Amino acid sequence: MTNNLLMFIYLAASILFILSIRGLASPETARRGNLLGMCGMMLAVGATVFSPYVSDYVSVIAVIILGGAAGVYFALKVKMTSLPQMIAAFNGLGGLSSVFISAAEITAGSEMLLENALGLIIGAVAFSGSAVAFAKLQGLMPSKAIVFPLQQFFNLVLGLASIALCVYFIIGKDINVFYMLAALTIVLGITLVLPIGGADMPVVISILNAYSGWAAVGIGFSVNNVLLIIVGSIVGASGAILSYIMTKAMNRSLISVMLGGFGSDSGSETKHENGGKTAKAGNPADAAFIMKNASKVIIVPGYGMAVAQAQHILKEMGDDLHKKYGVDVKYAIHPVAGRMPGHMNVLLAEAGVPYEDVFELDEINREFGTADAAYVIGANDVTNPLARTDSSSPLYGMPVLDVDKAKTVFFVKRSLAAGYSGVENPLFFADNTYMLYGDAKKVTEEVVAALEK
Amino acid sequence: MMDLWSLFTILLLSCFIGYFVVWGVTPALHSPLMSVSNAISGIVVVGALITAGVDYAGSAKTMGLIAVFLASVNIFGGFAVSHRMLLMFKKKNTSVKEEKKL
């Protein structure tokens with residue numbers, strides 16, 4: 001295969017990758033988009049394997065098949081509720097791959113010292129950061145923010161030391177310094193993610209996603225490959241935009257999320273007076289009665305739904321209300337609900353809720369005023385009206401779902417405890433709110449039983 | 001071999017393409033976006049293949065092969081899990097038909 005043909009195939013593959021992301025603009029074209037991405041990858045890998053740069057293609061193909069089989073196995077085995085940690089794990093493997101490539105390049109005597117060092121640093125942080133994110137999401141370690149004294153100072157020192165080692169390596173060309181740099185940046189990745197708590201995971205996963213893209217760009221410079229640069233920067237842009245959308249939906253800066261520790265100081269927050277009111281407990285049968293006589297019900301799912309695996313029974317409830325009682329049922333999703341961008345959408349889709357019934361914050365927020373009932377299941381902070389009214393609240397300015405404007409609000413929750421932010425939700429004490437205490441799945445099952453009576 | 005400036009030009013232009021294409025993605029598909037982009041970031045396999053594809057054995061080749069393995073897990077797993085996710089996003093054609101009958 002000539003070099004010109006190889007370059008041409010790389011160009012074709014780049015276009016296929018761009019079209020693949022483009023396909024995700026709508027659920028109708030998304031599957032085709034994914035297929036285009038696979039085609040692009042097959043072209044790029046096939047052309048490289050049979051290019052003059054690769055002479056030992058037997059062992060290379062064997063390893064691809066081995067890795068591919070492992071990847072497909074995990075992808076088919078994973079439960080949809082475990083998707084966030086699955087994506088974190090894959091991200092980490094991509095980062096680790098970049099680490100090995102830059103190490104191999106340096107060992108083989110590559111002269112591109114800066115480029116390889118960058119590929120190494122970004123890849124190593126992506127790898128160990130994803131490993132911590134995976135452990136937190138999988139429940140292997142506590143998902144709350146882990147903070148210790150002088151943590152930010154420690155991270156700063158680690159970061160500066162990495163830069164110093166990087167410069168020292170480029171000047172001295174000493175491979176041992178390169179390995180030290182690898183070790184140091186792996187530690188840096190761990191300490192960067194440790195202080196970030198569970199509900200900030202959508203941002204962390206997006207950032208790590210971006211890193212795996214930028215690592216590919218670094219490798220692209222070191223092996224002088226256009227395809228890696230094009231694809232890597234598109235992935236990097238994707239992760240960067242997702243983290244921007246997520247931080248905006250939380251009304252926090254990227255810096256504040258990265259510094260972490262959010263929500264760990266719960267309790268220090270001044271308690272809001274509830275005007276002597278107590279939260280009213282409702283029961284599932286009453287909820288069923290009110291909802292079946294409603295003309296419009298909006299369901300607001302949150303991470304609690306994912307934990308309780310309540311999406312299937314929730315869809316049954318929606319179907320009953322719509323088909324038996326002619327209620328207009330809609331689902332409202334906050335951008336940061338769950339542990340990764342779009343988490344709730346995937347779970348509802350898994351339960352079989354058609355995507356036309358699922359709405360984003362901006363699309364549906366005005367409709368709460370005309371809704372007879374809102375059914376909030378496993379969400380809390382994203383419905384807190386203080387974000388609109390109380391400028392002293394840490395949530396102030398965060399876009400929230402205006403659940404309080406619905407005529408009746410049902411909160412499916414285990415207790416009255418504050419959400420991740422540590423801020424109490426005054427909505428619990430509102431006149432038109434009924435608390436349905438208990439496990440999200442059990443409560444919804446009881447509502448469905450009452451509806452089907 | 002391309003010079004640094006050409007590579008930089010390509011990098012910047014690709015960032016613009018990425019910016020516009022990614023903003024076009026519907027928020028409902030942000031999870032698949034992450035897994036698809038994760039899969040295509042496995043494109044580093046091309047760099048890994050070049051370091052692993054040499055004829056002589058050595059530590060560089062071994063590290064290259066490990067990189068090929070890791071990137072392949074990433075690629076195949078990423079596309080497979082995206083496919084699984086995207087299969088679930090369905091239109092409500094059945095209920096529409098029912099409504100028309102009534």
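The structure displayed is predicted, hence computed values, not measured ones. The chains referred to below are lettered A, B, ... by the order of the sequence lines, with proteins before strands, and numbering in each begins at 1.
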Rounded to the nearest 0.5 Å, the CE atom of A/Met42 sits from the CD1 atom of B/Ile75 at a distance of 12.0 Å
Check: A/Glu105 and B/Met63 side chains under 4.5 Å, non-hydrogen atoms: no
CD1/A/Ile205 to CE/B/Met34 distance, rounded to the nearest 0.5 angstrom? 5.5 Å
Less than 4.5 Å apart, side chain to side chain, heavy atoms only: is that true for B/Lys90 and A/Tyr355? no
Could you state the interatomic distance from OG (A/Ser238) to CG (B/Leu33), rounded to the nearest 0.5 Å? 3.5 Å
Could you tell me whether the side chain of A/Val346 reaches within less than 4.5 Å of the side chain of B/Phe89, counting heavy atoms only? yes
Quick check: do A/Ile21 and B/Ile40 have side-chain heavy atoms less than 4.5 Å from each other? yes
How are the rings of B/Phe8 and A/Phe221 set relative to one another: parallel (under 30°), tilted (30 to 60°) or perpendicular (over 60°)? tilted
Non-hydrogen atoms of chain B under 4.5 Å away: do they reach the side chain of A/Phe359, the backbone, both or neither? neither
Under the side-chain hydrogen bond (donor to acceptor under 3.5 Å, both in side chains) test, residues paired with A/Asn34 that sit two or more places apart: none
Answer yes or no: is there a donor N or O on one side and an acceptor on the other, between the side chain of B/Ser31 and the main chain of A/Gly342, under 3.5 Å? yes
Note: vs chain B, highest number of non-hydrogen pairs under 4.5 angstrom among A/Gly338, A/Ala30, A/Ala70 is A/Ala30
I need the B/Cys15 SG to A/Ile230 CD1 distance, nearest 0.5 Å. 11.0 Å
Quick check for you: to the nearest 0.5 Å, what is the distance between B/His30 atom NE2 and A/Glu360 atom CD? 8.0 Å
Considering only heavy atoms and a distance below 4.5 Å, find which of A/Leu227, A/Val58, A/Leu93, A/Val60 pairs most often with chain B. A/Val60
When only pairs under 4.5 Å are counted, which of A/Pro202, A/Ser233, A/Ala237, A/Ala240 shares the most heavy-atom pairs with chain B? A/Ser233
Part of B/Leu12 lying under 4.5 Å from any heavy atom of chain A: neither
Flag side-chain contact, heavy atom, 4.5 Å: A/Val217 against B/Leu11: yes
Judged by atom type as modelled, is there a donor-acceptor pair below 3.5 Å linking the side chain of A/Ser97 to the main-chain atoms of B/Val68? no
Output the option from A/Val49, A/Leu76, A/Ile65, A/Asn225 having the highest count of non-hydrogen pairs under 4.5 Å with chain B. A/Leu76
Heavy-atom distance under 4.5 Å to chain B: side chain of A/Phe127, backbone, both or neither? neither
Should B/Thr26 and A/Leu24 count as side-chain neighbours, where that means a heavy-atom distance under 4.5 Å? no
With a 4.5 Å cut-off on heavy-atom pairs, point out which of A/Ile219, A/Leu348, A/Leu242, A/Ile18 contacts chain B the most. A/Leu242
Going by heavy atoms in the side chains, are B/Leu4 and A/Glu115 under 4.5 Å from each other? yes
For the atom pair OG (A/Ser51) and CG (B/Leu49), what is the distance rounded to the nearest 0.5 Å? 8.5 Å
When you check the side-chain N and O atoms of B/Ser37 and A/Asn209, is any donor under 3.5 Å from an acceptor? yes
Just give me the residue among A/Met38, A/Glu350, A/Met340 that pairs up with chain B most often, heavy atom to heavy atom, under 4.5 Å. A/Met38
Region of A/Leu83 that comes under 4.5 Å of a non-hydrogen atom in chain B: side chain
